[in-house]
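Heads up: numbering here begins at 1 and tracks the sequence.
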Amino acid sequence: KPRQGRGGAVKTKEMYINAVEVHIIPALGYKRIKDITTSDVQGLLNQITSSKSLQHKVRITLNQIFVKAMADRLIAHNPIIGTDPVEAGEPVRSVYTPEQRAILLEVLEDHAIFPLVFTILNTGMRVTEALALMRTRDLDLDAGKIYVREAVEYIRGKPQKKPPKTKRGVRTIPIPSAFADWLRGYLAGVKSFYVFPGTDGGQMGKTKLTNMQRKANRRLARWFDEHPDQEEHRFQLHFRTLRHTYCTELFDLGVDELSA
């Protein structure tokens, strides 16, 4: 039986890994460490409004990264210096505006992450639910339905099956015929039981998912740099924002978001 202290150390390690993979890499991973500014770090901290504790964990993780980079002479200044943790108030849900959605779909149309992005925008699924979809078990495109039965979680970067996040997570999602037709076309080129497979045809691993998201954000950043007239719409790709955008559209149509 593992000692309690050892288990605590594992949990602490997982906490840091989560801070890096879920928050730091998607927001700052496209930048070289020497180019990250105090404003960049403060901007990331400002986005974490759901939990003051989570914000603190991300901040101390970043600090350890920058301290190590200074020791290795990669940077001369720690960007954490000068930042302040923001008091966490009521959680703020970020959603993409119609202009941002149009840019997102245009810029990423031929990107490897596009099918996953397009599906979440059209179904409101959590990314962990989408990655668990199996084509013959969970899709009924003739009836226009997607059955959400399970999700994935990552343990040491490897996908593991788990139940959906909530009891309501097991659900049937109706989809329009146009999206069903798009799915048929997409799946014609997928040689796997899974709708969004990994490189080997199995479930997608955390590394591939993170790399695709990072590359997508790099492409978006380049596009905005090349189109300064669109600066007011600048954004990054976050899977949770895709889901929130879908749920907000349902709410505007009078549909209870708990049904999403």
Side-chain angles (χ1 to χ4, degrees), residues 17-32 35-36 39-50 54 58 62 91-133 151-154 157 159 165 179 182-183 186 195-199 203-249 260:
I17 291 174
N18 178 75
V20 171
E21 293 184 345
V22 177
H23 300 280
I24 296 173
I25 290 178
L28 302 175
Y30 68 98
K31 284 195 168 191
R32 293 183 177 182
D35 296 329
I36 297 175
S39 296
D40 292 330
V41 175
Q42 189 66 62
L44 169 57
L45 296 176
N46 290 350
Q47 292 176 13
I48 305 174
T49 57
S50 60
L54 174 59
V58 171
L62 276 170
V92 178
R93 284 191 169 188
S94 297
V95 299
Y96 294 125
T97 64
E99 294 81 6
Q100 289 174 326
R101 292 199 298 274
I103 292 170
L104 178 72
L105 297 179
E106 175 187 345
V107 175
L108 299 182
E109 183 177 11
D110 62 346
H111 194 281
I113 207 170
F114 180 85
L116 184 59
V117 167
F118 194 53
T119 296
I120 297 175
L121 267 179
N122 279 276
T123 64
M125 282 189 290
R126 298 175 178 86
V127 65
T128 54
E129 296 169 343
L131 293 176
L133 288 177
V152 299
E153 64 179 345
Y154 291 103
K165 186 176 180 180
F179 178 62
W182 177 87
L183 268 177
Y186 160 69
V195 177
F196 305 106
T199 305
Q203 282 190 315
M204 187 182 299
K206 183 66 176 180
T207 298
K208 179 173 182 178
L209 178 64
T210 300
N211 285 342
M212 286 200 307
Q213 185 179 17
R214 181 170 63 244
K215 291 176 181 178
N217 277 323
R218 285 177 179 170
R219 181 182 288 194
L220 285 167
R222 286 196 302 270
W223 189 89
F224 280 110
D225 290 342
E226 294 166 0
H227 298 79
D229 59 312
Q230 298 294 320
E231 183 63 29
E232 65 178 303
H233 301 304
R234 184 180 285 264
F235 64 92
Q236 290 187 328
L237 170 62
H238 296 290
F239 295 117
R240 182 174 297 180
T241 306
L242 295 173
R243 170 171 163 78
H244 288 173
T245 300
Y246 172 86
C247 293
T248 298
E249 290 175 346

Side chain to side chain contact (heavy atoms under 4.5 Å, CB included) between F235 and T97: does it pass, once the steps are laid out?
CA-CA 10 Å; F235 64 92; T97 64; over 6 Å; no
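- Looking at every heavy atom in both residues, G205 comes nearest to P159 through CA-CD, 4.1 Å.
- At most 12 non-hydrogen atoms from other residues, nucleotides or ligands lie less than 6.0 angstrom from CZ of R240.
- Residues D35 and D40 share a closest heavy-atom pair of O-OD2, 3.8 Å.
- A donor atom on one side chain and an acceptor atom on the other are found under 3.5 Å apart for N211 and R214.
- F114 meets the ring-ring contact (aromatic ring centres under 6.0 Å, His included) test with F118; sequence neighbours excluded.
- Contact record, Y246 with N122: CE1-O, 3.5 Å, taken as the closest heavy-atom pair.
- Listed here is the closest heavy atom pair of A132 and Q203: CA-NE2, 3.7 Å.
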E232/E99 under side chain to side chain contact (heavy atoms under 4.5 Å, CB included): CA gap, chis, key distance, verdict
CA-CA 10 Å; E232 65 178 303; E99 294 81 6; over 6 Å; no
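- Between F196 and T119, the closest heavy-atom pair is CZ-OG1, 3.3 Å.
- Here NE2 of H227 is found 9.0 Å from CD1 of I103. Values are rounded to the nearest 0.5 Å.
- For Y30 (side chain) and L220 (main-chain N/O), no donor-acceptor pair under 3.5 Å exists by modelled atom type.
- Taken from CD in Q236 to OH in Y96, the straight-line distance is 8.5 Å, to the nearest 0.5 Å.
- Side-chain atoms of R101 and P98, non-hydrogen and from C-beta on, do get closer than 4.5 Å to each other.
- Between the CG atom in L28 and the CD1 atom in I36 there is a gap of 5.0 Å [rounded to 0.5 Å].
- Separation of atoms OH (Y154) and CD1 (I17) is listed at 14.5 Å; rounding is to 0.5 Å.
- For the pair V58 and I48, the tightest heavy-atom approach, listed with the atom from each and the gap, is CG2-CD1, 3.6 Å.
- R219 places no side-chain N or O within donor-acceptor distance of the main-chain N or O of L108, the cut-off being under 3.5 Å.
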Is there a side chain to side chain contact (heavy atoms under 4.5 Å, CB included) between T128 and F239? Walk through the geometry before answering.
CA-CA 10 Å; T128 54; F239 295 117; over 6 Å; no
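- In this structure a side-chain-to-backbone donor-acceptor pair under 3.5 Å is missing from R243 to M125.
- Rounding to the nearest 0.5 Å places CG of D225 at 7.5 Å from CD of E231.
- Checking side-chain atoms of Q213 against main-chain N and O of P26 turns up no donor-acceptor pair under 3.5 Å.
- At a threshold of 4.5 Å between non-hydrogen side-chain atoms, the residues L105 and L121 count as touching.
- More than 12 heavy atoms of other residues, nucleotides or ligands shown are found within 6.0 angstrom of NZ on K208.
- With hydrogens and angles disregarded, a donor-acceptor distance shorter than 3.5 Å links the side chain of H111 to the backbone of I113.
- Rounded to the nearest 0.5 angstrom, E129 CD and I120 CD1 are separated by 9.5 Å.
- Q230 meets the side-chain hydrogen bond (donor to acceptor under 3.5 Å, both in side chains) test with no other residue; sequence neighbours excluded.
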